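Note that the structure is predicted; figures quoted are calculated from it, not measured.
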Amino acid sequence: MSAGKIVGYIVAGILIFFGILFIWGAFSPEGEPGWIIVGIITVAIGLGIIAFIKFREPKPAQPPQEIIQKIDLSGDIEVEKLKCQECGAALTKDSITVKEGAIIVSCPYCGSTYQLVEEPKW
């Protein structure tokens, strides 16, 4: 429990305690009817602080979501080795990243970076 919550509960408890004393004191021979209103307001503020602390609790963090994208390819597909357009070096899967929906290739040998563009088949 954080220090702010502890202080909030202590303040709420003090307000509720004194609010009840005001309401109780209003019925004594020296009491005044206005003390009932002060007591009710004080108790309501104390209960409001408790409700604020209770409903303001942070929700537990959710684990990150894993997104799996599956692609259905139509027709026959031939697998080719990917080579750098600049130096012709063979590239691995670590050389390819997807940023903002674009396929980016970074060559570890010559340092060039370019975007793969798939041309339409028609």
Side-chain angles (χ1 to χ4, degrees):
M1 188 179 299
S2 68
K5 286 184 180 181
I6 294 171
V7 170
Y9 283 127
I10 291 172
V11 169
I14 291 171
L15 287 172
I16 292 171
F17 175 73
F18 280 110
I20 292 172
L21 285 182
F22 266 103
I23 294 170
W24 193 15
F27 296 106
S28 70
E30 296 87 22
E32 297 179 20
W35 288 1
I36 293 176
I37 296 171
V38 173
I40 290 173
I41 292 172
T42 309
V43 169
I45 292 172
L47 293 174
I49 291 173
I50 291 173
F52 180 75
I53 292 170
K54 281 296 216 184
F55 293 119
R56 195 164 180 257
E57 292 179 359
K59 295 180 180 176
Q62 295 182 359
Q65 294 182 350
E66 181 178 340
I67 299 173
I68 299 173
Q69 184 176 6
K70 294 183 180 184
I71 301 173
D72 290 333
L73 301 173
S74 60
D76 295 331
I77 304 299
E78 294 181 24
V79 179
E80 297 179 13
K81 291 210 178 234
L82 187 61
K83 295 181 181 179
C84 177
Q85 291 178 354
E86 300 293 325
C87 67
L91 300 173
T92 64
K93 65 178 181 175
D94 297 330
S95 304
I96 302 170
T97 58
V98 178
K99 294 182 182 174
E100 298 178 5
I103 301 171
I104 307 295
V105 178
S106 301
C107 180
Y109 302 104
C110 67
S112 64
T113 302
Y114 53 91
Q115 178 179 345
L116 272 184
V117 180
E118 183 180 0
E119 299 295 328
K121 305 232 189 287
W122 57 83

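The same ILVMFWY cluster, assembled from side-chain heavy atoms under 4.5 Å apart, contains both Phe17 and Ile6. No continuous path of hydrophobic side-chain contacts links Trp35 to Ile16 [ILVMFWY only; heavy atoms under 4.5 Å]. Hydrophobic clustering (ILVMFWY, side-chain heavy atoms < 4.5 Å, transitive): Ile41 and Val43 are in one cluster. Both Ile37 and Leu47 are part of a single hydrophobic cluster, where members link through side-chain heavy atoms under 4.5 Å apart.
Once rounded to the nearest 0.5 Å, the distance linking NZ of Lys5 with CD1 of Ile50 reads 13.5 Å. Rounding to the nearest 0.5 Å places OH of Tyr114 at 9.0 Å from OG of Ser106. For the atom pair Ile14 CD1 and Ile49 CD1, the distance stands at 10.0 Å (nearest 0.5 Å). To the nearest 0.5 Å, atom CD1 of residue Ile40 and atom CD1 of residue Ile20 are 11.5 Å apart. Rounding to the nearest 0.5 Å gives a distance of 14.5 Å between CZ of Phe52 and CD1 of Ile45. Taken from CD1 in Ile104 to OG in Ser95, the straight-line distance is 13.0 Å, to the nearest 0.5 Å.
Considering only heavy atoms from C-beta on, Cys110 comes within 4.5 Å of Cys84 through its side chain.
Taking all atoms of both residues into account, the shortest heavy-atom contact from Phe22 to Gly39 is CB-CA, 3.7 Å. Between Ala90 and Tyr109, the closest heavy-atom pair is O-CE1, 3.5 Å.
At most 12 heavy atoms of other shown residues, nucleotides or ligands fall within 6.0 angstrom of atom CD1 in Ile103. In Ile96, the CD1 atom is crowded: over 12 heavy atoms of neighbouring residues, nucleotides or ligands sit closer than 6.0 Å.
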Hey, mind stepping through Tyr9 and Lys54 against side chain to side chain contact (heavy atoms under 4.5 Å, CB included) and telling me if it holds?
CA-CA 10 Å; Tyr9 283 127; Lys54 281 296 216 184; 3.6 Å; yes

Can Val105 and Leu91 be said to form a side chain to side chain contact (heavy atoms under 4.5 Å, CB included), step by step?
CA-CA 9 Å; Val105 178; Leu91 300 173; 3.3 Å; yes

